[in-house]
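A quick write-up on the structure given underneath.
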Amino acid sequence: MNIQRSTALVTGANRGIGRAIVGALLHEGAERVYATARRLDDLESVVALDPRRVRALQLDVTNAAEIAAAARSATGVNLLVNNAAVLDAGGPLDAPTDIFRRNMETNFHGILEVTRAFAPVIEATGGGAVVNILSVVALASMPGLAAYNASKAAAWSLTQSLRADLAKRHVEVFAVFPGPVDTDMARGFDMAKAAPSDVAAAVVAGVSAGSEDIFPDPMSEQVYSTWRSDHKAVERQFAGM
């Protein structure tokens, strides 16, 4: 995927990894970036990165009408970055059922429905790419994050299904597995965290290089290396956290 002169749409672009990805795309020469969030007011600082190239769109990835409207108005998109996500704490036996629904609705169904809406748009440009921001917990679950773990694991499975189907439309599909990143979402976790800008730069570099599975920080690289040789070791490591 050639980032230069691309037209991208990034969900959840108002902060954290999403905002950093907008910056990285601009740095690499994207022609236009549609930055989306649930509230347009939250995108003012993102548009300010480059008012000529960044356009703000209201998009709640759980809202079918807003997804359809975004697909109509964001013309020429050939790079979709599914970044919007939620994270709720709780174990599998004690977390309210609504938390599982909320995490699945955003982190799984959000990716599914936004990709369904934009696949024809990307195909009409001659092809391009879809990038799904997942997590290392798609590989093995961490305690106290049962709903988030499940949603990211499901999104990884979905990513593989999309990869097979969209290849026929000349659309590459990338999976990104960050470890802990220094964002508002991870504020309550007391552990080493990667900078969003470093993660975003690694994502853009991986997409440019055609690396289908991207591990954008030292922790995720270490986890993947261990997981490849002994996935049970990673499961035990995470369970002990």
Side-chain angles (χ1 to χ4, degrees), residues 1-61 70 73-87 106-107 110-111 114-115 118 122 125 128-136 172-187 192-211 213-221:
M1 175 74 201
N2 185 9
I3 302 300
Q4 281 194 330
R5 295 181 296 279
S6 63
T7 296
L9 183 139
V10 182
T11 67
N14 53 307
R15 61 183 183 177
I17 295 174
R19 187 182 192 281
I21 287 175
V22 172
L25 291 170
L26 294 172
H27 182 266
E28 291 301 313
E31 186 171 286
R32 179 172 298 165
V33 180
Y34 292 97
T36 82
R38 291 174 178 171
R39 293 177 294 274
L40 285 176
D41 289 348
D42 293 340
L43 292 165
E44 290 179 0
S45 66
V46 184
V47 173
L49 294 173
D50 189 328
R52 182 180 65 83
R53 290 189 287 164
V54 180
R55 296 191 179 182
L57 283 180
Q58 181 170 316
L59 175 56
D60 178 343
V61 301
S73 60
T75 57
V77 168
N78 62 352
L79 173 59
L80 169 65
V81 182
N82 286 309
N83 168 73
V86 297
L87 184 156
T106 301
N107 303 347
I111 288 177
V114 173
T115 303
F118 276 92
I122 299 172
T125 70
V130 174
V131 182
N132 294 336
I133 308 299
L134 306 178
S135 168
V136 289
E172 298 177 275
V173 179
F174 297 86
V176 183
F177 300 86
V181 183
D182 190 12
T183 64
D184 290 347
M185 182 182 287
R187 182 177 295 159
K193 299 169 189 173
S197 57
D198 292 341
V199 171
V203 170
V204 171
V207 171
S208 297
S211 303
D213 295 321
I214 301 169
F215 296 86
D217 58 89
M219 188 265 202
S220 65
E221 288 180 338

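We use all heavy atoms of the structure for the numbers below, so side chains are in, but hydrogens, waters and symmetry mates are not.
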For this session: Report the C-alpha separation of L25 and V10 in whole Å, then their side-chain angles, then the decisive distance to 0.1 Å, and conclude whether the side chain to side chain contact (heavy atoms under 4.5 Å, CB included) test is met.
Result: CA-CA 10 Å; L25 291 170; V10 182; 3.9 Å; yes
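- Contact annotation: the side chain of I214 never approaches that of F177 to less than 4.5 Å [non-hydrogen atoms, C-beta and beyond].
- Between the side chain of T11 and the backbone N or O of N83 there is at least one donor-acceptor pair closer than 3.5 Å.
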For this session: Starting from the C-alpha separation in whole Å, work towards a yes-or-no answer on side chain to side chain contact (heavy atoms under 4.5 Å, CB included) for I133 and N82.
Result: CA-CA 6 Å; I133 308 299; N82 286 309; over 6 Å; no
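- Without hydrogens or angle criteria, T106 side chain to V86 main chain gives no donor-acceptor distance under 3.5 Å.
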Show the atom names and distances, to 0.1 Å, of all donor-acceptor pairs under 3.5 Å that link a side chain in residues 1-9 to residues at least two apart or in another chain.
{"residue": "N2", "atom": "OD1", "partner": "Q4", "partner atom": "N", "Å": "3.2"}
{"residue": "S6", "atom": "OG", "partner": "I3", "partner atom": "O", "Å": "2.6"}

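- The closest donor-acceptor contact from the side chain of D50 to the backbone of R52 lies under 3.5 Å.
- Under the 3.5 Å distance criterion, the side-chain polar atoms of D217 are matched with a main-chain donor or acceptor of G179.
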Exercise. Would V176 and N132 count as a side chain to side chain contact (heavy atoms under 4.5 Å, CB included) if you check the C-alpha gap in whole Å, the side-chain angles of each, and the deciding distance to 0.1 Å?
Worked result: CA-CA 6 Å; V176 183; N132 294 336; over 6 Å; no
Exercise. Going through the checks in order, is the side chain to side chain contact (heavy atoms under 4.5 Å, CB included) test met by Y34 and V22?
Worked result: CA-CA 9 Å; Y34 292 97; V22 172; over 6 Å; no
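- The minimum heavy-atom distance between A201 and A24, with the atom names listed, is N-CB, 4.4 Å.
- At a threshold of 4.5 Å between non-hydrogen side-chain atoms, the residues P178 and V136 do not count as touching.
- What you find for L134 and A175 is that their closest heavy atoms are CD1-CB, 3.8 Å.
- In this structure, the side chain of R53 engages the main chain of L26 through a donor-acceptor pair within 3.5 Å.
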